[in-house]
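These notes concern the structure reproduced below.
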Amino acid sequence: MSVDVAANYYVNWPQITRHPDYPLRLLGLLPVTLFALFVAVTATSLYGHLARKARDSALSRTRR
C-alpha cells in the first residue's frame, strides 16, 4: 500500500507542483492517501489480534 501511494505521488508530482492543493482535492490524491492511512492503522491491530489467536491456538494444541 505504501508503494502504491508513493507511486501515485511520483506520477502526479508535476500536477502537485503546479497546483499545491491537488493532494487535498476530493478527486486528487486525498482518497488514496486516506485509504492508505486507514489500512496502516487497522493492519497493526489486525496483525496483533491474529498473532494472539495463533499463539493461543498453539498453546491449546500443546496442552492436549
Side-chain angles (χ1 to χ4, degrees):
M1 191 73 210
S2 60
V3 173
D4 181 48
V5 171
N8 277 304
Y9 274 86
Y10 177 77
V11 169
N12 289 303
W13 191 251
Q15 184 75 6
I16 294 170
T17 56
R18 273 185 262 133
H19 305 285
D21 66 332
Y22 184 71
L24 302 176
R25 293 182 184 172
L26 287 178
L27 297 176
L29 296 172
L30 184 64
V32 172
T33 305
L34 291 177
F35 183 68
L37 288 173
F38 170 76
V39 168
V41 168
T42 57
T44 311
S45 61
L46 177 64
Y47 287 143
H49 178 73
L50 291 175
R52 282 191 302 275
K53 284 290 218 182
R55 185 185 64 229
D56 293 345
S57 176
L59 286 175
S60 67
R61 276 187 270 149
T62 58
R63 292 180 183 169
R64 289 183 189 174

Original post:
Nearest 0.5 Å, what's the CG-OG distance between Leu50 and Ser45?
Top reply: 9.5 Å
**OP:** Can you establish whether the number of heavy atoms outside Leu27 located under 6.0 Å from its atom CG is more than 12?
**Re:** no
Original post:
Taking all atoms of both residues into account, what is the closest heavy-atom pair of Leu26 and Pro31, and its distance?
Top reply: O-CG, 3.1 Å
Original post:
Step by step, would you call Tyr9 with Thr33 a side chain to side chain contact (heavy atoms under 4.5 Å, CB included)?
Top reply: CA-CA 10 Å; Tyr9 274 86; Thr33 305; 3.0 Å; yes
Original post:
Hey, is Asp56 close enough to Arg52 for a salt bridge, meaning N to O under 4.0 Å?
Top reply: no
Original post:
Any idea which heavy atoms bring Leu29 and Asn12 closest together, and the distance?
Top reply: CD2-ND2, 3.4 Å
Original post:
From Asn8 CG over to Ile16 CD1, what is the distance, rounded to the nearest 0.5 angstrom?
Top reply: 9.0 Å
**OP:** Verify the cluster assignment for Met1 and Phe38: are they in a single hydrophobic cluster under the rule of side-chain heavy atoms below 4.5 Å apart?
**Re:** yes
Original post:
Can you tell me if Thr17 uses its side chain to pair, donor with acceptor, with the backbone of Trp13 under 3.5 Å?
Top reply: yes
